[in-house]
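These notes are about the structure you will find just below.
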Amino acid sequence: MDHTQNIQWFPGHMTKTKRQIEKDLKLVDAVAEIIDARIPISSRNPDIAALTSNKPRVILLNKCDMADKAATDRWIAALSEINVAVLPVDCKSGKGIDRFVPALKNLLSDKIEAYKRKGMLNPTMRVMIVGIPNVGKSTFINRISKKNKAATADRPGVTRGNQWFTVSKGFEILDTPGVLWPKFDDQTVGERLAFTGAIKDQIMDIELLAVRLLDLLKELKTPAFSERFKLTDEDLTMESYDLLGLIAKKRGMVIRGGEPDIERASVMLLDEFRAAKLGRITLELPNES
Ligand code: G4P
């Protein structure tokens, strides 16, 4: 489990993080924002546009291997705008990462050309990575910099003593990512971060969380979910708590008297969702924001 999950955000931390990011932004030409493709709304920092003062941005829709392909395509279209490139990636396997540098080249082409006109033959463009905890920032940095260096910052903001990694000729990334806060004043956001494991289970009621996840899974009706637990269409019309009981029984999770072991089933359901065993599932679509 990732220790960045332990970050507690207080106003003081946020102010410090903001200041540090503002400082680091002065050193970079572009920002790479990493979000979770399964929850592209909930895994975004709410102040990202203001924080990055409209620097050219690459949005990396990470963990695409666990997200629904059609939903990811919709997100790519929805998030693309001037000065923003959107790339689906899977940092665990490395899929899609080779498009990062070409996207930067394209995004920064005017700037690179301007340097060249001024006589600088090989200008170096610098990029910083930002994102909320657990979206895959350190996995991305380790992969792109082709080094097995653990680059996770275990506290908000970017640690001092900046180091730069070359990712390609003329492109460098800051070794430590900017760790940003999620939107906390929204219960739905908190729940979705908990479904994906970005927020620790201990701070949420696990059974309630499993029931809320089932609410969504019943709506989505992903075949892999029904098949895994051998659920009929009629089963999917049950109240989520009862459905959780049925799932428990189907898995042989019973306690004294044959009652379903709801707690065990809740842990199992969340684990299986987090491991994408219930299918490739995206919980948020563009028009829902
Ligand atoms: P962070 O720096 O943004 O906090 O995130 P980090 O890279 O630590 O990644 C958080 C978790 O997400 C890690 O799993 C990592 O392996 C996983 N991850 C990152 N990118 C991808 C991806 O594209 N696909 C999938 N499926 N997983 C990804 P972990 O369980 O915390 O650690 P580990 O079991 O991998 O060691």
Side-chain angles (χ1 to χ4, degrees), residues 1-9 13 17 20-21 24 31-40 42-45 48 51-52 57-69 71-72 75-76 86-100 103 127-159 163 165 167 173-183 189 192-202 222 224 267 270-283:
M1 188 167 283
D2 182 2
H3 56 287
T4 54
Q5 289 175 11
N6 296 325
I7 290 176
Q8 297 288 320
W9 292 99
H13 275 129
T17 300
Q20 210 146 56
I21 285 178
D24 288 312
V31 173
E33 177 194 0
I34 307 191
I35 60 179
D36 185 327
R38 295 167 298 172
I39 47 167
S42 297
S43 63
R44 279 192 104 176
N45 168 272
I48 189 73
L51 276 174
T52 56
R57 224 175 333 141
V58 178
I59 298 179
L60 297 165
L61 277 165
N62 191 31
K63 309 199 184 186
C64 267
D65 54 312
M66 299 200 279
D68 177 64
K69 169 89 174 59
T72 299
W75 274 111
I76 293 168
V86 186
L87 297 181
V89 289
D90 161 6
C91 290
K92 205 149 187 172
S93 75
K95 207 169 160 205
I97 283 181
D98 54 345
R99 291 172 60 200
F100 181 60
V127 186
M128 76 180 284
I129 313 297
V130 298
I132 68 164
N134 205 50
V135 287
K137 298 178 296 300
S138 32
T139 310
F140 177 72
I141 291 173
N142 284 342
R143 218 164 234 297
I144 200 101
S145 57
K146 296 178 188 75
K147 280 187 188 177
N148 251 343
K149 177 181 176 292
T152 315
D154 57 2
R155 61 185 177 81
V158 175
T159 48
Q163 258 197 314
F165 289 153
V167 293
I173 54 166
L174 190 59
D175 66 341
T176 39
V179 184
L180 299 173
W181 55 92
K183 199 172 174 203
V189 170
R192 290 178 183 177
L193 289 170
F195 295 155
T196 62
I199 286 180
K200 282 187 145 197
D201 287 337
Q202 286 92 309
T222 317
V267 172
L270 286 161
D271 279 351
E272 297 206 350
F273 173 77
R274 287 171 190 162
K277 287 180 182 162
L278 310 182
R280 292 177 57 167
I281 297 172
T282 299
L283 296 175

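Heads up: numbering here begins at 1 and tracks the sequence. Counting starts at 1 for both ligands and their atoms, following the listed order.
Those atoms of ligand 1 with a heavy atom of Asp90 less than 4.0 angstrom away are 22 (C), 23 (O), 24 (N). Under a 4.0 Å criterion applied to the non-hydrogen atoms of Cys91, ligand 1 contributes the atoms 20 (N), 22 (C), 23 (O). Atoms of ligand 1 lying under 4.0 Å from at least one heavy atom of Met66, given by number and element, are 25 (C), 26 (N).
Of all the heavy atoms of Asp65, the ones lying under 4.0 Å from any atom of ligand 1 belong exclusively to the side chain.
With sequence neighbours left out, the side chain to side chain donor-acceptor pair (under 3.5 Å) criterion links Asp90 to Ser93. In terms of the ring-ring contact (aromatic ring centres under 6.0 Å, His included) criterion, residue partners of Phe140 (sequence neighbours excluded) are, by chain and number, Phe100.
Residues Leu60 and Ile35 fail the side-chain proximity criterion, which asks for heavy atoms closer than 4.5 Å. Here the side chains of Ile21 and Leu180 are in contact, with some heavy-atom distance below 4.5 Å.
Comparing Ile34, Thr139, Ile141 against atom 19 (C) of ligand 1, the shortest heavy-atom distance belongs to Thr139.
Where the criterion is an N or O separation shorter than 3.5 Å, residue side chain and backbone included, Gly136 meets it with respect to ligand 1.
From Ile48, atom CD1 reaches atom CD1 of Ile132 across 10.5 Å, with rounding to the nearest 0.5 Å.
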